[in-house]
Number of protein chains: 2
Amino acid sequence: MSHTLGIRQAQKQKTRQALLDAALGLLEEQSLSSLGLREVTRAVGVAPTAFYRHFRSTADLGVALVEEALGSLHPMIRTTVSTTGDSEERITRTIELIARHVDGYPAHVRFIARERHGGVQPVREAIRDQLARFALEVKDELAKDPVSAGWTEDDLLMLAHLYVDQMLITASLFLEALEGPEQEREERTRHVAQVATRQMRLIGLGRHHWLD
Amino acid sequence: MSHTLGIRQAQKQKTRQALLDAALGLLEEQSLSSLGLREVTRAVGVAPTAFYRHFRSTADLGVALVEEALGSLHPMIRTTVSTTGDSEERITRTIELIARHVDGYPAHVRFIARERHGGVQPVREAIRDQLARFALEVKDELAKDPVSAGWTEDDLLMLAHLYVDQMLITASLFLEALEGPEQEREERTRHVAQVATRQMRLIGLGRHHWLD
DNA sequence: CCATGCAGTTAACAACTGTTCTCTGTAATT
DNA sequence: AATTACAGAGAACAGTTGTTAACTGCATGG
């Protein structure tokens with residue numbers, strides 16, 4: 001069912017993506033609410049008016065960026081949480097996967113962390129919705145685990161939210177470590193991983209004794 | 001040692017505070033990186049150039065706002081964490097205190113949540129430093145608790161950070177509940193409190209079984 | 001009581017912003 | 001082959017921005 005786009009539509013998507021990429025770059029040093037439409041088009045090398053062919057406003061572009069940054073992440077979440085092995089192994093693998101993701105898409109991570117509580121309402125809402133979806137997916141995976149026997153849906157969901165928030169905080173800390181001076185980078189990254197691992201371990205302990 | 005300010009200095013501090021208040025108000029609907037100096041002075045009813053008598057830039061004003069929003073919070077933290085009673089009582093009281101604080105200073109809470117990962121580096125750093133101080137204070141209080149016997153300093157600190165982050169997330173959720181439509185407000189607030197309580201309880205459980 | 005310091009004002013600057021309208025070239029459709 | 005649709009260019013708009021300079025009035029310290 002994948003219809004090959006005509007030259008026309010292909011070129012359009014290309015500039016659209018260029019706008020998204022340029023915006024993401026500019027957002028390393030500012031927030032979305034101060035991102036100007038002209039600023040973005042200038043970075044791409046296109047006329048300011050061309051912007052309107054793709055987005056109604058920078059807020060609209062922000063929502064598209066949320067889609068790009070989080071939309072493609074769902075399969076990864078599912079496979080990560082449902083990975084086999086004892087809980088210690090699972091924690092190590094999860095932390096490692098977060099670190100790898102931050103390494104691969106630092107601008108995406110920064111954008112989500114920055115705009116989650118940022119000044120643009122539609123973007124905040126889009127992020128909140130995506131994270132709620134993540135929490136639901138994590139909940140479903142948690143439910144499959146024998147440890148979750150006897151848990152109510154509500155309790156599973158509150159634990160899922162705890163995990164999701166914790167993963168976001170960890171990702172943001174990894175990012176800060178990356179932004180620091182090169183020589184401290186490795187040590188800071190290791191430190192973040194070590195702390196995050198123990199926090200996850202502690203939460204896991206609480207999980208095991210929840211029904212006592 | 002409190003020297004009564006002259007008429008001159010008193011008036012200066014008055015306008016300075018007016019600038020801070022106006023900025024905090026304007027920041028409800030945008031981020032600091034898009035806050036204009038003229039915008040602030042206009043809201044106060046003062047000439048744009050007067051701004052420079054108090055702050056070098058809006059980033060500088062942001063740092064001052066961090067001080068105002070978090071600086072006065074330290075005594076509260078100490079007394080809260082060190083409050084007596086069993087852990088269930090302590091959790092209830094902590095959540096209630098957070099809710100009360102968000103109710104009393106919503107703009108401050110919003111500002112911290114928004115700019116913690118925001119686009120202005122000096123402000124991010126100021127918030128990070130203050131939160132690190134909080135974590136240290138929480139650590140000190142945790143250390144006094146008999147439950148912490150045998151814990152390493154590192155483990156106490158990682159738990160303290162977990163608590164601080166959790167408190168911030170909870171505060172932000174309370175704020176979102178406040179911002180919603182009036183009729184849902186009470187129920188949403190109750191729901192946030194309920195989830196946060198159980199998350200704290202689960203972390204507390206993990207804490208008790210940490211040395212197993 | 002007079003001289004100084006300084007919070008706040010006024011005016012002007014070049015540079016920037018979002019948005020509208022009109023136009024052009026060319027891929028897509030008929 | 002002729003027509004249409006539409007991504008992008010270009011120019012112009014009124015309004016905004018941060019920053020500088022020179023000023024005014026008044027509380028303060030000698």
Side-chain angles (χ1 to χ4, degrees), chain A residues 2-23 25-65 115 118-123, chain B residues 2-23 25-65 115 118-123:
Chain A
S2 81
H3 188 263
T4 42
L5 277 43
I7 291 184
R8 196 88 192 232
Q9 302 229 10
Q11 184 49 245
K12 180 172 184 182
Q13 288 213 357
K14 209 171 172 180
T15 33
R16 189 189 129 102
Q17 191 59 45
L19 289 170
L20 289 170
D21 292 347
L26 291 166
L27 285 174
E28 287 186 18
E29 306 172 324
Q30 60 183 313
S31 307
L32 184 65
S33 77
S34 64
L35 183 70
L37 145 180
R38 293 184 101 108
E39 203 179 346
V40 179
T41 56
R42 193 187 315 132
V44 174
V46 86
T49 48
F51 186 91
Y52 293 106
R53 299 285 179 196
H54 303 275
F55 308 102
R56 250 185 279 275
S57 61
T58 52
D60 195 22
L61 177 145
V63 173
L65 276 178
E115 300 303 331
V120 184
Q121 207 205 20
V123 173
Chain B
S2 82
H3 189 263
T4 42
L5 276 44
I7 290 184
R8 197 88 191 235
Q9 300 230 12
Q11 186 48 246
K12 180 172 184 182
Q13 287 213 357
K14 208 172 173 179
T15 37
R16 190 189 128 102
Q17 191 58 46
L19 289 170
L20 289 170
D21 292 347
L26 291 166
L27 286 173
E28 287 186 18
E29 306 173 325
Q30 60 183 315
S31 307
L32 184 64
S33 77
S34 64
L35 183 69
L37 143 183
R38 293 185 100 107
E39 203 178 346
V40 179
T41 56
R42 193 187 313 131
V44 174
V46 88
T49 46
F51 186 91
Y52 293 106
R53 299 286 179 194
H54 303 275
F55 308 102
R56 251 187 279 274
S57 62
T58 52
D60 194 23
L61 177 147
V63 174
L65 275 179
E115 300 304 330
V120 183
Q121 207 205 23
V123 172

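Throughout, a chain's letter reflects where its sequence line sits, starting with A, and its residues are numbered from 1. Because the structure is predicted, anything quoted here is derived from the model rather than measured.
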_Distance check needed: D:dG18 P versus B:D60 CG, whole Å only._
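One finds 14 Å between P of D:dG18 and CG of B:D60, rounded.
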*Candidates D:dG8, C:dT10, C:dT17 - which lies nearest the side chain of B:T49*: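 My answer, after comparing the listed nucleotides, is C:dT10.
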*Sequence-distant partners of B:E28, salt bridge (Lys or Arg N to Asp or Glu O under 4.0 Å), two or more places apart*: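 Salt bridge (Lys or Arg N to Asp or Glu O under 4.0 Å) list for B:E28, sorted by chain: B:R110.
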*Stems formed with participation of DNA chain C [Watson-Crick or G-U wobble, under 3.5 Å, three or more pairs]*: C:1-12 with D:19-30, C:14-30 with D:1-17
*So what does B:R16 hit on the nucleic acid, given a heavy-atom distance under 4.0 Å: a base, only sugar-phosphate, or nothing?*
nothing
_Need one value for A:Y52: base, sugar-phosphate or nothing, where a base atom within 4.0 Å counts as base even if backbone is also close, heavy atoms only._
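A:Y52: base contact, heavy atoms under 4.0 Å.
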Side chain of [X], backbone of [Y]: donor and acceptor closer than 3.5 Å?
{"X": "B:S31", "Y": "A:G118", "result": "no"}
{"X": "A:S33", "Y": "A:V120", "result": "no"}
{"X": "A:E115", "Y": "A:V123", "result": "no"}

*Has the side chain of B:R53 got a donor or acceptor atom sitting under 3.5 Å from an opposite partner on the base of C:dC6?*
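By the distance-only test, no, there is no pair.
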*On a plain distance test, is the side chain of A:R8 in donor-acceptor contact with the base of D:dC6 below 3.5 Å?*
yes
_Please compare B:I7 and B:S57 by the position of their nearest nucleotide in DNA chain D and report the one closer to 5'._
B:S57
*Between A:V46 and A:R38, which has a closest nucleotide on DNA chain D that is more 5'?*
A:V46
*Pair A:L32-A:L35, side chain to side chain contact (heavy atoms under 4.5 Å, CB included): steps then yes or no*: CA-CA 5 Å; A:L32 184 65; A:L35 183 70; 4.0 Å; yes
*Is any side-chain nitrogen or oxygen of B:R42 closer than 4.0 Å to OP1 or OP2 of D:dT17?*
yes
